[in-house]
Amino acid sequence: MNSAREEATYIALIVASLVVGYWAGARPRAKPTGLKESASDTSLPTQQPGTVSVSDDCKLVLVVRTDLGMSLGKVAAQCSHATLACYQTLTASNPVLVRQWERTGQTKIALKCDSEDELLLLEAKARSLNLCARSIRDAGRTQIAAGSRTVLGIGPAPARLINQVTGKLRLL
């Protein structure tokens with residue numbers, strides 16, 4: 001009899017957990033803190049020029065230098081560093097924009113450039129638009145000379161702004 005009672009208790013606990021989990025996942029989400037809304041304009045406060053609409057798609061772009069001849073594993077590691085650097089920077093300075101990027105799918109696009117000079121120009125242009133731009137310098141322990149800029153992360157930010165910087169680059 002005791003095992004039947006324990007079994008019923010476990011089943012009740014499982015059903016209650018499923019109901020609560022469904023309810024928590026299905027209910028409408030609250031608007032993020034700092035969301036401004038008026039009759040004609042719904043925008044997120046941001047450091048970007050202009051406004052960021054709640055419906056704006058956001059993305060993070062990773063610009064990889066192809067002239068360095070990095071292996072695919074090295075490229076992946078450097079892109080990971082750039083993603084984390086941008087995410088940490090923007091989480092501290094503009095968490096509402098980070099949440100918008102997370103809600104719109106956390107899009108990441110890998111593009112290529114041919115030189116450090118081109119990478120620096122892209123970084124300067126991104127910063128002139130007040131976009132988060134972080135270049136990664138290699139430590140020099142494996143394939144690349146120490147201090148070499150390998151990847152530039154731009155964003156997360158509205159795609160329309162990032163496209164002003166990287167719209168002419170080709171996919172990696």
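Computation of the quantities below employed the complete heavy-atom set of this structure, encompassing side-chain atoms and omitting hydrogens, waters and symmetry-equivalent molecules.
With hydrogens and angles disregarded, no donor-acceptor distance shorter than 3.5 Å links the side chain of Arg149 to the backbone of Leu119. At distances below 3.5 Å, not a single donor-acceptor pair connects side-chain atoms of Gln106 with backbone N or O atoms of Trp101. Side chain of Glu118 to main chain of Asp114: a donor-acceptor pair is present (N/O by atom type, distance under 3.5 Å, no hydrogens or angles).
Under the 4.5 Å side-chain heavy-atom criterion for ILVMFWY residues, a single connected hydrophobic cluster contains both Leu171 and Ile162.
Residues that satisfy the side-chain contact (heavy atoms from CB on, under 4.5 Å) test with Ala85, not counting sequence neighbours, are Arg134, Ile136. Take Asp67 and apply the side-chain contact (heavy atoms from CB on, under 4.5 Å) test, not counting sequence neighbours, and it matches Arg65.
There is a side-chain donor-acceptor pair under 3.5 Å between Tyr87 and Glu102. No side-chain donor-acceptor contact under 3.5 Å links Thr83 and Lys108.
Pairs passing the side-chain hydrogen bond (donor to acceptor under 3.5 Å, both in side chains) check and including a residue from residues 162-172, sequence neighbours excluded, read Lys59-Asn163.
The minimum heavy-atom distance between Pro158 and Leu97, with the atom names listed, is CD-CD1, 4.2 Å. Nearest heavy atoms, Thr104 versus Cys58: OG1-N, 3.5 Å. The shortest non-hydrogen separation linking Ser71 to Gln143 is OG-NE2, 2.8 Å. Glu123 and Leu152 get closest at one heavy-atom pair: N-CD2, 3.6 Å. Residues Ala133 and Ala126 come closest through the heavy atom pair CB-CB, 3.9 Å.
Interatomic distance, SG of Cys113 versus CG of Leu122, reported as 6.0 Å (0.5 Å rounding).
Of the charged side-chain nitrogens involved, at least one lies within less than 4.0 Å of a carboxylate oxygen, so that Lys74 and Asp138 count as a salt-bridged pair.
Between Val165 and Leu129, some side-chain heavy-atom pair lies under the 4.5 Å cut-off. Side-chain atoms of Gln88 and Thr91, non-hydrogen and from C-beta on, never get closer than 4.5 Å to each other.
Residue Leu172 is tested with Leu111, Ile109, Leu62, Val64 for a side-chain contact (heavy atoms from CB on, under 4.5 Å); the sole match is Val64.
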